[in-house]
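All values below were derived from every heavy atom in this structure, side-chain atoms included, with hydrogens, water molecules and symmetry-related copies excluded.
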Amino acid sequence: MLPILFLVALLFFPSSQAADFCVAKLKGAGNPSGYACRNPAIVTVDDFVFKGLGVAGNTTNIISAAVTPAFVQQFPGVNGLGLSTARLDLAPGGVIPMHTHPAASEILFVVTGKITAGFISSSANMVYVKTLNKGDVMIFPQGLLHFQINAGGTAAVAVVSFNSPEPGLQITDFALFGNSLPSKLVEKTTFLDDAQVKKLKGVLGGTG
């Protein structure tokens, strides 16, 4: 009898209903748990659609590459869902430099072209590198240094997915040479000479 009474109680006196989604209210401040939720009454289907990945990124830059993100800031519908995506465009000779995503693992799907990609483990600095062709998929574990390079003579495109709406990004080259850390300290920590450090700072916008 008790189970039947329990089911009746659930039908007529339901507990607070769980939210199906939490489209981000980007005007407020974000936190490790995500952004505050927009009022469901004003959410539309367009909040769950992102069209930016259909447009090629501008690769006329120092790395001959472009990343078009669909993270929570660009795609509020992914807030709280534990996922996001992005498009990579690599012109011939293009490179996504060594970088990390502190908050997410990544999976890369090659749409067109040829891409050499790899990551370095934190255990014994083991290197895992592979040249990927159209249709190939590769994963990059959370927080590990990794890179992608155009390995062919034509433009390459890939779509990446993350298990976080806000994976974070730190590009090693810019972190080392695009800051205001005095050159002498950079030289000590990288074993590079003064001329090399100042040259790299000049290229990447660093000072000091």
Side-chain angles (χ1 to χ4, degrees), residues 3-61 63 65-90 94 96-97 99-113 115 117 119 132 134-144 146 148 155-171 174-175:
I4 294 175
L5 292 175
F6 180 71
L7 289 172
V8 171
L10 285 178
L11 286 172
F12 290 97
F13 306 101
S15 59
S16 58
Q17 192 175 20
D20 293 321
F21 49 79
C22 177
V23 176
K25 187 190 294 182
L26 294 176
K27 290 184 179 179
N31 60 66
S33 299
Y35 287 83
C37 304
R38 194 181 304 168
N39 184 343
I42 62 172
V43 170
T44 72
V45 67
D46 289 335
D47 291 307
F48 304 103
V49 176
F50 184 82
K51 296 185 177 181
L53 301 193
V55 180
N58 183 1
T59 58
T60 55
N61 51 57
I63 60 174
V67 178
T68 303
F71 303 158
V72 66
Q73 292 86 358
Q74 299 82 27
F75 192 7
V78 303
N79 187 50
L81 298 183
L83 51 81
S84 61
T85 187
R87 169 179 172 146
L88 305 185
D89 285 280
L90 294 160
I96 304 295
H99 64 283
T100 67
H101 301 291
S105 295
E106 173 183 346
I107 185 166
L108 177 145
F109 171 75
V110 180
V111 177
T112 186
I115 296 174
F119 65 89
L132 310 171
K134 178 180 177 179
D136 290 344
V137 170
M138 186 170 182
I139 55 172
F140 306 92
Q142 180 173 337
L144 297 187
H146 61 286
Q148 292 93 21
V157 177
V159 172
V160 294
S161 297
F162 303 91
N163 62 336
S164 168
E166 206 164 7
L169 171 67
Q170 186 171 40
I171 299 175
F174 288 93

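- Looking only at distances, no side-chain donor or acceptor of R87 sits under 3.5 Å from a matching main-chain atom of V159.
- Within a 6.0 Å radius of CD1 in I139, other residues, nucleotides and ligands contribute 12 heavy atoms or fewer.
- Residues E166 and A103 come closest through the heavy atom pair O-CB, 3.7 Å.
- Minimum interatomic distance between P102 and G168 (heavy atoms only, all atoms of both residues): CD-C, 3.7 Å.
- The shortest side-chain heavy-atom distance between P167 and S84 falls under the 4.5 Å cut-off.
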### Task
Show the numbers, then the answer: is there a side chain to side chain contact (heavy atoms under 4.5 Å, CB included) between H99 and F174?
CA-CA 9 Å; H99 64 283; F174 288 93; over 6 Å; no
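- The environment of CD in Q74 is crowded: more than 12 heavy-atom neighbours from other residues, nucleotides or ligands sit within 6.0 Å.
- The shortest heavy-atom contact between P97 and I171 is CB-CG2, 3.9 Å.
- Residues L169 and V67 are not in side-chain contact: their nearest non-hydrogen atoms beyond the backbone lie 4.5 Å or more apart.
- Smallest separation of non-hydrogen atoms from Q73 and L26: O-CD1, 3.4 Å.
- The nearest pair of heavy atoms linking F140 to A117 is CZ-CB, 3.8 Å.
- Within the 4.5 Å cutoff, no side-chain heavy atoms of Y35 are placed close to those of P76.
- In this structure, N79 contributes its side chain and C22 its backbone to a donor-acceptor pair below 3.5 Å.
- No side-chain donor-acceptor contact under 3.5 Å links D89 to the backbone of A56.
- Put simply, CG on N163 and CD on Q142 are 6.5 Å apart, with the number rounded to the nearest 0.5 Å.
- In this structure, CZ on F75 lies 9.0 Å from CG on L81, to the nearest 0.5 angstrom.
- The shortest side-chain heavy-atom distance between F21 and V43 falls under the 4.5 Å cut-off.
- Here the CD-CE distance, from Q148 to M138, works out to 9.0 Å after rounding to the nearest 0.5 Å.
- The CG atom of N58 sits 3.5 Å away from the OG1 atom of T60 when rounded to the nearest 0.5 Å.
- Shortest non-hydrogen contact noted between P69 and A86 is CA-CB, 3.8 Å.
- Side-chain atoms of T85 come within 3.5 Å of backbone N or O of V160 as a donor-acceptor pair.
- Of the candidates I96, D136, V110, L88, V110 is the only one forming a side chain to side chain contact (heavy atoms under 4.5 Å, CB included) with I115.
- The aromatic rings of H146 and H101 sit tilted relative to each other, their planes meeting at an angle between 30° and 60°.
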